[in-house]
Amino acid sequence: MEKRIPVKELLQSTGFGKDVHVKGWVQTKRESKNVAFVALNDGSTVHHLQIVVDVSSFSEETLKNIHTGASIAVTGTLAESQGQGQKVELQARHIEVYGTADPEKYPLQPKRHSMEFLREIAHLRPRTRTFGAVLRIRHAMAFAVHKFFNDRGFFYLHTPIITGSDAEGAGEMFRVTTLDPVDPPLNEFGTVDFTQDFFGKETNLTVSGQLEGELGAMALSLIYTFGPTFRAENSNTARHLAEFWMIEPEMAFYDLEDNMNLAEDFLKYLVQYALEHCLDDLQFLDNRLQEEEKNKKQEDRSPMGLIEKLKFVVENQFERLTYTEAIDILIKSKPNQKKQFVYPVSWGTDLQSEHERYLVEKHFKKPVILTNYPKHIKAFYMKQDEDGKTVRAMDVLFPGIGEIIGGSQREENYDKLYSRIQEMKIHEESLWWYLETRKYGTAPHSGFGLGFERLILFVTGMGNIRDVIPFPRTPQNAEF
RNA sequence: UCUUCCUUAGCUCAGUCGGUUAGAGCAUCUGACUGUUAAUCAGAGGGUCCCUGGUUCGAGCCCAGGAGGAAGAGCCA
């Protein structure tokens, strides 16, 4: 095949008069008597290349087949554009139509579509500018995650996707089995006999790579995982997926403060990377959001544009405070005094969305890191504070997103960890390997989990998590 | 899982008090137009009013059940 030049490259080119090949999908065609203009996109950039077609030198059939959605290859001369909207255009000499898209049936029209409609055609939505922008940013963020950790001496550890333990209790799990669902083998108690299953035991899709990640950190010092994670929770919100991607670094010899510093550096690095490498796409999404804002009531409008918001995060220190201090602020807050909170505030109860939003969006107006939560509302593996009441947990809360990172310093003392397992009635048999890290060469260590899609949600300014992953998996939906 | 709202043309939506042939904008098609930028102008085609049952002389509209979707909440990342 003839070597194509990506649209992104051509738009930056000044080699006017050169002969080039370009291939892509038609976004729109504007036709008049003598000349037609085709906006061509190949996904390399959010911008289109304008193809100028001299109507008299092409067959009627070719012209007819060039419509929204069609895939074409164009040979022509790169020229300085006579029109207003672009610097570069391609004067077409030869056009090959690879594939047509019947305009009567092709669902994507040269007009604005709702996100709900585009979710129904998730197989085609990457062709829209919005999803193209989101997917390019998603790629850049994945790359930046690896670059960040690699540059700091972290090793990428592949933790298992199929697990044999429900250790963390992070949520409902998806069972993995090859047993006959209609007639499974039963044991003497009349329940399913998993010893006859593929792995000889009950297995599930992972809800977190953390516990295995800790094993890696106890040897390589600095590791991170980045992989798919599954939760069978019946969560129907704009912030939850049944299948999502999670990044979980785990660091030996890090205490809670080291952990917070890493988390803050990491988030700022990622946002900065997006600003440096995806500015075109961010600008497009920013404009798109501003259009949407115009349809909102004054009080619902966000005070900052997308790019402005991203710069703000990079340039400002995250606010750090303890759970106890946060409760104090909430108790003294206006909405609490006026009894506007649905859920009452008191020490010992978990913070509700409305409380987190108040702290982040009203009180501090910036990202917040909350630490030292009461131990009974946090996981068994978190390191206990000297007061016996709290643990060294930290949650990073972002405006509009809520909890984007959850992490902690881990309990490295065998006896303390073991007694927590007993207290919380966790199956210790399935955790024997985890407990051995505390028996043999235990060391202080910390880690956190970042929901990748929640990061993308923040960076792109999109409103629903189903629109920042190519093929969302949610309750009642596994199409495509 | 709970609460609230929604489902009418390909898309986004209007549809009055239950009343004759269900509308608009965009998209599509046809024509016009000397370079357009979501082109413009003129015209045309396009409907299982989500499904099932009920009330009624008569249902897009009222009632019951079901399906799907959205927002918020819970759970969390």
Side-chain angles (χ1 to χ4, degrees), chain A residues 27-39 47-56 64 67-69 79 81-86 89 91 101-121 129 168-172 207-210 228-248 263 291 295 300 341-343 350-357 377-379 395-398 401-407 448-458 463-469 474-477 479:
Chain A
Q27 300 297 311
T28 58
K29 181 176 69 168
R30 294 178 292 275
E31 208 170 2
S32 61
K33 198 172 184 179
N34 301 320
V35 65
F37 300 93
V38 176
H47 300 297
H48 304 326
L49 176 68
Q50 173 156 287
I51 312 291
V52 184
V53 182
D54 179 5
V55 170
S56 60
K64 214 183 157 200
H67 38 229
T68 301
S81 182
Q82 298 168 33
Q84 289 297 308
Q86 59 286 313
E89 64 186 22
Q91 309 275 356
D102 185 348
E104 302 270 7
K105 291 176 184 158
Y106 185 61
L108 288 174
Q109 301 161 356
K111 57 164 284 188
R112 185 173 284 272
H113 294 292
S114 67
M115 288 296 130
E116 290 82 0
F117 173 67
L118 292 174
R119 261 169 238 155
E120 291 169 17
I121 51 165
R129 293 177 103 182
E168 209 203 341
E172 292 295 310
V207 292
S208 164
Q210 181 201 313
T229 311
F230 307 88
R231 305 271 167 94
E233 296 286 351
N234 191 9
S235 296
N236 294 285
T237 82
R239 303 183 309 282
H240 290 86
L241 290 165
E243 177 182 297
F244 64 101
W245 289 67
M246 190 152 62
I247 298 140
E248 295 175 288
E291 287 294 312
N295 300 325
D300 295 336
F341 286 136
V342 177
Y343 294 87
D350 209 353
L351 296 178
Q352 304 297 318
S353 291
E354 57 179 352
H355 306 141
E356 293 181 352
R357 291 190 65 151
I377 57 172
K378 288 291 180 184
D395 282 0
V396 182
L397 309 178
F398 260 36
I401 310 284
E403 186 180 343
I404 195 166
I405 277 180
F448 61 81
L450 168 70
F452 187 54
E453 283 75 17
R454 289 196 180 169
L455 170 80
I456 308 301
L457 214 46
F458 181 75
N464 192 310
I465 202 161
R466 291 161 207 173
D467 301 326
V468 297
I469 187 168
T474 52
Q476 300 299 316
N477 185 9
E479 196 68 50

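These values consider heavy atoms only, across backbone and side chains, with no hydrogens, waters or symmetry-generated copies. In what follows, every chain begins at residue 1, and chains take the letters A, B, ... in the order their sequences are listed. Remember, predicted model here, so these are calculated numbers, not experimental data.
Between the P atoms of U52(B) and G46(B), the separation comes to 24 Å (whole Å). For the P atom pair drawn from G31(B) and G23(B), the interatomic distance equals 28 Å after rounding to whole Å. Straight-line distance between the P atoms of A24(B) and A42(B): roughly 14 Å, to the nearest whole Å. Straight-line distance between the P atoms of U20(B) and C61(B): roughly 14 Å, to the nearest whole Å. Comparing the same atom, P, in G45(B) and in G10(B) gives a spacing of 16 Å after rounding to whole Å. A distance of about 43 Å separates the P atoms of C75(B) and G18(B), rounded to the whole Å. Rounded to a whole angstrom, the distance from the C1' atom of U3(B) to that of C49(B) is 28 Å. Comparing G69(B) with C50(B), their C1' atoms are spaced 11 Å from each other, to the whole Å.
Heavy atoms of Asn236(A) sit under 4.0 angstrom from at least one base atom. Counting non-hydrogen atoms under 4.0 angstrom, Phe458(A) reaches nothing in the nucleic acid. At a threshold of 4.0 angstrom between heavy atoms, the contacts of Thr237(A) include nucleobase atoms, whether or not backbone atoms are also involved. Residue-level contact check: Thr229(A) touches neither bases nor backbone, having no heavy atom under 4.0 Å from any strand. Gln91(A) comes within 4.0 angstrom of a nucleotide base, judged by non-hydrogen atoms across all strands. Residue-level contact check: Arg357(A) touches neither bases nor backbone, having no heavy atom under 4.0 Å from any strand. Backbone-only engagement by Ile404(A) is indicated by non-hydrogen atom pairs under 4.0 Å involving sugar-phosphate atoms exclusively.
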(request) Would you give a per-nucleotide map of nucleotides 9-15 of chain B, 5' to 3', where B means the base has a protein non-hydrogen atom under 4.0 Å away, S means only the sugar-phosphate does, and - means neither? (result) -BBS---

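No side-chain heavy atom of Ile456(A) sits less than 4.5 Å from a side-chain heavy atom of Arg454(A). Taking 4.5 Å as the limit, every side-chain heavy atom of Arg466(A) sits out of range of all side-chain heavy atoms of Glu453(A). Side chains of Ser353(A) and Tyr343(A) form no contact here, defined as non-hydrogen atoms less than 4.5 Å apart.
Nucleotide A73(B) holds its C1' atom 13 Å from the CD atom of Glu356(A), rounded to whole Å. To the nearest angstrom, C1' of C2(B) lies 11 Å from CG of Asn234(A). Here the P atom of nucleotide A77(B) and the CD1 atom of Ile401(A) are 15 Å apart, to the nearest Å. To the nearest angstrom, P of G68(B) lies 14 Å from CZ of Arg466(A). Summarising the geometry, the separation between CD1 on Ile465(A) and P on A71(B) is reported as 12 Å, rounded to the nearest angstrom. We find that CD of Gln352(A) is positioned 19 Å from P of C2(B), with the value rounded to whole Å. Between the NZ atom of Lys29(A) and the P atom of A38(B) there is a distance of 18 Å, rounded to whole Å. Look at CD1 on Ile247(A): it is 16 Å from C1' on C76(B), rounded to the nearest Å.
Between Val38(A) and Val53(A), the closest heavy-atom pair is CG2-CG2, 4.2 Å. Closest non-hydrogen pair, Thr28(A) versus Pro110(A), comes out as CG2-CB, 3.5 Å. Of all non-hydrogen atoms in Ala36(A) and Val55(A), the two that sit nearest each other are N-CG2, 3.9 Å.
The 12-atom threshold is exceeded at CZ of Arg119(A), counting heavy atoms of other residues, nucleotides or ligands nearer than 6.0 Å.
For C75(B), its base sits under 3.5 Å from the side chain of Ser235(A) at one donor and acceptor pair at least.
For the atom pair CD1 of Ile405(A) and CZ of Phe398(A), the computed distance is 7.5 Å after rounding to the nearest 0.5 Å. In this structure, CG in Leu397(A) is found 6.0 Å from CG in Asp395(A), a value given to the nearest 0.5 Å. Between the CD atom in Glu354(A) and the CD atom in Glu356(A) there is a gap of 10.5 Å [rounded to 0.5 Å]. To the nearest 0.5 Å, atoms CD1 (Ile401(A)) and CZ (Arg357(A)) are separated by 10.0 Å.
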(message) Applying side chain to side chain donor-acceptor pair (under 3.5 Å) to Thr68(A) and Gln109(A), what does each step give before you reach the verdict?
(response) CA-CA 7 Å; Thr68(A) 301; Gln109(A) 301 161 356; over 6 Å; no

(request) Could you give me the CA-CA distance, side-chain angles and deciding distance for Phe341(A) and His355(A), then say whether ring-ring contact (aromatic ring centres under 6.0 Å, His included) is met? (result) CA-CA 8 Å; Phe341(A) 286 136; His355(A) 306 141; 4.8 Å; yes

(request) List the steps, then state whether salt bridge (Lys or Arg N to Asp or Glu O under 4.0 Å) holds for Lys29(A) with Glu31(A). (result) CA-CA 6 Å; Lys29(A) 181 176 69 168; Glu31(A) 208 170 2; 3.7 Å; yes

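Regarding contacts with the backbone of U36(B), every side-chain N or O of Gln50(A) stays at 4.0 angstrom or more from both OP1 and OP2. Dashed line: the shortest gap from a side-chain N or O of Arg119(A) to OP1 or OP2 of A70(B) is under 4.0 Å. Arg239(A) has a side-chain polar atom (N or O) that falls below the 4.0 Å cut-off from OP1 or OP2 of A73(B).
Consecutive Watson-Crick or G-U pairs involving RNA chain B, each under 3.5 Å on both distances, make up stems of three or more pairs at B:1-7 with B:67-73, B:10-13 with B:23-26, B:28-32 with B:40-44, B:50-54 with B:62-66.
A stacked arrangement is not assigned to Phe37(A) and the six-membered base ring of G35(B), the conditions of a centre distance below 5.5 Å and an interplanar angle below 30° not being jointly met.
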Each nucleotide N or O in nucleotides 32-34 of chain B that has a protein N or O under 3.5 Å away: list the pair and distance.
| unit_1 | atom_1 | unit_2 | atom_2 | d |
| --- | --- | --- | --- | --- |
| U34(B) | O4' | Asn34(A) | ND2 | 3.2 |

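Near-neighbour residues of RNA chain B inside residues 448-455 of chain A, defined by a heavy atom below 4.0 Å, number-ordered: Gly449(A), Gly451(A), Arg454(A).
Every residue two or more places apart in sequence or in another chain that forms a side chain to side chain donor-acceptor pair (under 3.5 Å) with Ser56(A) is listed here: Asp54(A). Remark: Glu116(A) engages no residue in a side chain to side chain donor-acceptor pair (under 3.5 Å) (not counting sequence neighbours).
You'll find that the side chain of Glu403(A) is closest to A77(B), out of G35(B), C75(B), A77(B). The side chain of Gln476(A) lies closest to G68(B), out of U28(B), G74(B), G68(B). Taking only side-chain atoms of Ala238(A), from C-beta outward, the nucleotide of U36(B), A71(B), G35(B) with the closest atom is A71(B). For Glu89(A), taking side-chain heavy atoms from C-beta onward, the closest of the listed nucleotides A71(B), A77(B), U36(B) is U36(B).
Comment: Asp350(A) does not engage Lys378(A) in a salt bridge, judged by the lack of any side-chain N to carboxylate O separation of less than 4.0 angstrom.
In this structure, Pro475(A) and Ala242(A) both approach RNA chain B, and ranking their closest nucleotides by distance from the 5' end singles out Pro475(A).
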